[in-house]
Amino acid sequence: MPERVVIVGSGPAGWTAAIYASRASLEPLVFEGAVTEENRLQGTMPLGQLALTTEVENYPGFPAGDLSQFLKTALPEEHHWMVDMHQKEGCSGPELMHLMRQQATNFGTRIVTDDIVDIDFDCRPFKIRSLGGQEVEAHSIIIATGARANYLGLDSEEQFKNRGVSACAVCDGALPRFRDKPLVVVGGGDSAVEEADYLSKFASTVYLVHRRDELRASKIMAERAIENPKIEILWNSQVTEVLGTDDDGVTGVRLKSTVDGSEREQAASGAFMAIGHTPNTTFLEGKLEMTEKKYVKWTVPFRTNTSVEGVFAAGDVSDDYYRQAITAAGTGCMSALDAERWLALKGL
Ligand code: NAP
């Protein structure tokens, strides 16, 4: 029997779609991703980007407070290790993802811990193949594989992730370790300027490190950075190493001039990478309509429909603009409602 809806991906979009689809009695099957070294290295493990962050202070419904008793009752015993790690400040990214996953399973969602490597959209029902070789047929599919932040690819950057190296100022910027300290933002696009501007509310100085002598950001955004007295732009500079210690995390960065190759160190308590994102759509290339940057295109305004009827997309895989947990959850909900209505229309 073909599945009625298969959900690919396990971030806030995937789990919200699963919660809605399971409550609509569609018995969704979620492929949450595989636990592989390749996925670990590129930041595409199950539970998505939020599982790589620390505190989440902007997801509505989780104000600061002690969640540990709630976690104990909400999560099965095998996940009680989280209770001991709980920071007593709102909710952490991994906690939020485990809670969403649990909520989806409470309503009957089934989960396979594997990646999807191929989908045949030319046949009905669609044919789906996983990395482990499992083959599944589905009348409808929700793509929620998200995107991954680009990093510079330095070993030292990897070493200090979550201890000063971040790719999300909105997620991490307000943490105590960054307050009234010098911070570095890498990049020259709108994201980098926006991150620098946001961080300037907390930091003593934000050093915006850009590899050229002109920002890529739009004029209005570039002016905002140039005019902000707390932002100093370090032109023609490339970060070649993140500096730090086991005790303190990030303490600075080593910079190399892209003009004359000279090197210097810049003290900083944090290094924020804002050099773009890559959507996780390789397995969809040539099969679904995508934007120039390979994000899945929504083909109907304010709906999650894609170029293939019966296939819907939710979360960061189809959004390079908002990229927030709450917006991903919102479009995840929309995709489940869209799939449910489409299945009903087709009598499936
Ligand atoms: P982006 O426009 O692609 O900019 C990426 C920046 O990172 C560029 O300045 C690039 O340098 C730099 N970069 C890339 N790889 C690098 C590397 N290995 N080392 C050092 N620097 C590197 O990406 P984005 O800023 O994330 O923006 C994405 C899209 O979202 C854009 O269309 C943007 O307009 C939009 N956006 C809009 C807003 C807003 O309107 N409020 C906010 C955020 C994003 P080069 O310039 O030298 O290539």
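Whatever order the structure lists ligands and atoms in, that order sets their numbers, starting from 1.
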K.L.:
Quick check for students: name every N or O atom pair between ligand 1 and the protein closer than 3.5 Å, with distances.
P.N.:
from: ligand 1; atom 1: 9 (O); to: G188; atom 2: N; distance (Å): 3.0
from: ligand 1; atom 1: 9 (O); to: G189; atom 2: N; distance (Å): 3.2
from: ligand 1; atom 1: 11 (O); to: R211; atom 2: NE; distance (Å): 3.2
from: ligand 1; atom 1: 11 (O); to: R211; atom 2: NH2; distance (Å): 3.4
from: ligand 1; atom 1: 19 (N); to: Q238; atom 2: OE1; distance (Å): 3.2
from: ligand 1; atom 1: 25 (O); to: D190; atom 2: N; distance (Å): 3.3
from: ligand 1; atom 1: 25 (O); to: S191; atom 2: N; distance (Å): 2.9
from: ligand 1; atom 1: 25 (O); to: S191; atom 2: OG; distance (Å): 3.2
from: ligand 1; atom 1: 26 (O); to: S191; atom 2: OG; distance (Å): 2.6
from: ligand 1; atom 1: 32 (O); to: K293; atom 2: NZ; distance (Å): 3.3
from: ligand 1; atom 1: 34 (O); to: D190; atom 2: OD2; distance (Å): 2.6
from: ligand 1; atom 1: 41 (N); to: E194; atom 2: OE2; distance (Å): 2.9
from: ligand 1; atom 1: 46 (O); to: R212; atom 2: NE; distance (Å): 3.4
from: ligand 1; atom 1: 46 (O); to: R212; atom 2: NH2; distance (Å): 2.8
from: ligand 1; atom 1: 46 (O); to: R216; atom 2: NE; distance (Å): 2.9
from: ligand 1; atom 1: 46 (O); to: R216; atom 2: NH2; distance (Å): 3.4
from: ligand 1; atom 1: 47 (O); to: R211; atom 2: NE; distance (Å): 2.9
from: ligand 1; atom 1: 47 (O); to: R212; atom 2: NE; distance (Å): 2.8
from: ligand 1; atom 1: 48 (O); to: R211; atom 2: NH2; distance (Å): 3.0
from: ligand 1; atom 1: 48 (O); to: R216; atom 2: NE; distance (Å): 3.3
from: ligand 1; atom 1: 48 (O); to: R216; atom 2: NH2; distance (Å): 2.7

K.L.:
Check the orientation of H79 and W81. Use parallel for under 30°, tilted for 30 to 60°, and perpendicular for over 60°.
P.N.:
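Judged by the thresholds at 30° and 60°, the geometry between H79 and W81 is perpendicular.
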K.L.:
If you look at every heavy atom in P125 and H139, which pair is closest and at what distance?
P.N.:
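Between these two residues, the closest heavy atoms are CB-ND1, 4.0 Å.
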K.L.:
Can R23 be said to sit on top of F107's aromatic six-ring, NZ or CZ under 6.0 Å from centre and within 45° of the ring axis?
P.N.:
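Yes, cation above the ring, under 6.0 Å and within 45°.
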K.L.:
Can the ring centroids of Y321 and Y295 be said to lie less than 6.0 angstrom from one another?
P.N.:
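So the answer is no for these two rings.
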K.L.:
Are the side chains of N280 and V317 in contact, using a 4.5 Å heavy-atom criterion?
P.N.:
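Not touching, per the 4.5 Å side-chain cut-off.
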K.L.:
Taking the six-membered ring for Trp, is the centroid-to-centroid distance between F121 and F126 below 6.0 Å?
P.N.:
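Yes, the ring of F121 comes within the 6.0 Å limit of the ring of F126, centre to centre.
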